[in-house]
Chemist: 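Can you keep this structure in mind? I'll have questions shortly.
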Amino acid sequence: MNTTRRSFFGLVGGSAAGLALPSMFTAARAEDGFLVLTAGRSRHALGESDAQSEVWTYNAGLPGPEIRVRRGEWVRVRLVNDLDVPTSIHWHGIRIANAMDGVTGLTQEPVPPGETFEYDFIAPDAGTYWYHAHTRSWNQVARGLYGPLIVEEMANPFDRRNDVTLVLDDWRLDENDVLDVASIGSLRDWSHAGRLGNWLTVNGRSRPDFSLRGGEPGRIRLINASNARILEIDPNRIGARVLAYDGQPLRNPLTVNGRSLPIGPAQRVDLVVMPEAGADFVLEEMSQDQPLPFARFSVKESGTRAGTIPTLPSNDLPEPDLETAQTVQLVMTGGAMGRLDDIVYEGRKQEREDFRRTGQVWAFNGVANRTETPLFSVQRGQSVIVEMENDTAWPHAIHTHGHHFRVLTGEGGPWRDTVLIDPRQSARIGFVADNPGKWLLHCHMLEHAAAGMNTWFEVL
Ligand code: C2O
Ligand code: CU
């Protein structure tokens with residue numbers, strides 16, 4: 001896998017692309033107020049050359065249009081499926097009504113080609129979220145079906161011109177600079193780190209420029225839309241502090257000292273900067289041998305707002321009661337270099353060779369993929385602690401639908417909806433199961449989810 005990592009670097013060179021402005025409400029609104037998102041095929045130059053790749057997009061945009069609402073407002077989207085395969089949309093990180101969660105086979109039927117589906121829900125929490133396909137997501141997200149969903153605070157503490165969204169994606173391009181479609185679904189990716197790419201884009205472009213106004217706080221919203229790549233940044237190199245993780249603000253903007261900050265697949269990090277006019281800076285990806293610049297910010301004339309770093313208002317999520325919480329164990333096994341001999345799939349213990357046929361190579365508590373039985377089932381309002389143990393040789397990014405959780409290990413215990421767990425490590429998360437319905441819990445390395453790391457829980 002290290003060859004692909006090297007080319008992630010090796011392909012980089014040449015000059016920066018032109019000005020990239022975040023798209024906003026570029027989608028047409030139907031007369032009834034619904035925003036129309038048409039999933040379809042379109043062509044984009046992904047790499048450094050003009051070579052066009054066929055991608056799957058919403059409204060032909062890469063990423064799909066930025067949806068921006070205010071906290072507590074309705075989001076109304078009509079999905080039109082112009083693809084020739086079924087699809088659905090999941091609203092990642094939104095504490096949503098279950099029927100709107102977009103998970104085929106659990107909360108809705110997939111939307112067939114040529115048909116439509118209406119999503120209609122309230123966005124209860126301010127913050128940085130995103131939407132993506134949730135039908136064979138390992139395939140559909142790899143091809144480009146995602147976009148940002150921004151929920152503004154009641155009073156946005158940032159000037160709109162100083163509030164930018166960067167959707168990051170890690171593409172696998174072939175030697176012609178074209179999306180490598182043939183390797184989507186490769187069993188090697190499924191059993192190893194997931195689909196890793198060799199080319200990083202920001203809002204569908206290579207190393208775009210952004211501009212900020214100096215002397216006032218600027219907000220940089222980072223969304224990792226990669227199938228499996230863990231990105232790393234070092235906020236200190238640009239004098240940035242962390243405002244929020246996965247949409248949820250920290251109590252105070254956090255200075256991350258002396259190390260880089262991983263951003264796992266599906267995770268979001270909001271940064272706050274306050275540069276002086278003229279103090280241009282570059283954001284770099286830090287996971288490789290050398291920093292990889294991926295976005296450049298030019299800092300223009302000073303703005304008019306007060307030059308203080310704002311603290312974001314809390315979304316007031318319910319605190320889990322750790323005394324009365326129900327504890328659930330979640331042991332992850334399988335994968336390359338892992339135990340494969342005791343994985344049950346569809347009620348039957350797999351033999352090692354079965355993997356080629358079933359593709360199932362990871363397990364939660366010894367079971368690969370979703371079954372009829374939930375991981376746990378609790379009454380609404382019950383606090384839950386999930387004790388997770390990663391008994392594999394790979395990192396995982398565990399995501400719960402419909403709920404945010406507190407990370408009970410590690411520093412500070414931030415709220416998150418997706419948590420990274422390193423090989424042979426464990427983590428505890430706690431949350432109040434207050435959102436009725438059937439909710440997925442899965443690894444957001446999308447190949448891992450498809451290959452077994454996928455279960456669900458029920459809130460009654
Ligand atoms: Cu980002 Cu199951 O989802
Ligand atoms: Cu995983």
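Counting starts at 1 for both ligands and their atoms, following the listed order.
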Chemist: Under 2.8 Å from the Cu ion (ligand 2), which protein N, O or S atoms do you find? Ignore water molecules.
Modeler: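 You should have found His396 ND1, Cys443 SG, His448 ND1.
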
Chemist: Counting distance only, does the side-chain N/O of Glu118 pair as donor-acceptor with the main-chain N or O of Phe34 below 3.5 Å?
Modeler: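 No, Glu118 side chain to Phe34 backbone: no donor-acceptor pair under 3.5 Å.
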
Chemist: Using modelled atom types and a 3.5 Å cut-off, is there a donor and acceptor pairing between side-chain atoms of Trp394 and backbone atoms of Ala336?
Modeler: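 Flag set: sc Trp394 to bb Ala336 pair under 3.5 Å.
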
Chemist: Can you name the salt bridge (Lys or Arg N to Asp or Glu O under 4.0 Å) partners of Glu389, sequence neighbours left out?
Modeler: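 Salt bridge (Lys or Arg N to Asp or Glu O under 4.0 Å) list for Glu389, sorted by chain: empty.
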
Chemist: For the pair Asp169 (side chain) and Thr201 (backbone), establish whether a donor and an acceptor sit closer than 3.5 Å, ignoring hydrogens and angles.
Modeler: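 Not at all, since once roles are kept as given, no pair shorter than 3.5 Å links the two residues.
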
Chemist: Say whether Arg160 and Asn156, considering side chains only, have a donor N or O and an acceptor N or O under 3.5 Å apart.
Modeler: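 No pair is found: no donor N or O on one side chain lies under 3.5 Å from an acceptor on the other.
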
Chemist: Return the number of protein N, O or S atoms with a distance to atom 1 (Cu) of ligand 1 smaller than 2.8 Å.
Modeler: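 The number of such protein atoms is 3.
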
Chemist: Would you check if the side chain of Ser88 reaches a backbone N or O of Gly102 as a donor-acceptor pair within less than 3.5 Å?
Modeler: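 Yes; at least one donor-acceptor contact below 3.5 Å.
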
Chemist: Could you work out, with salt bridge (Lys or Arg N to Asp or Glu O under 4.0 Å) as the rule, every residue matching Arg370, not counting sequence neighbours?
Modeler: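 For Arg370, no residue satisfies salt bridge (Lys or Arg N to Asp or Glu O under 4.0 Å) once neighbours in sequence are set aside.
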
Chemist: Using a 3.5 Å distance criterion without hydrogens, assess whether the side chain of His134 forms a donor-acceptor pair with backbone atoms of His132.
Modeler: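 Not a single qualifying donor-acceptor pair exists.
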
Chemist: I would like to know whether Arg219 and Asp270 meet salt bridge (charged side-chain N to carboxylate O under 4.0 Å, His left out); could you show each step before the answer?
Modeler: CA-CA 7 Å; Arg219 181 175 190 165; Asp270 284 33; 2.8 Å; yes

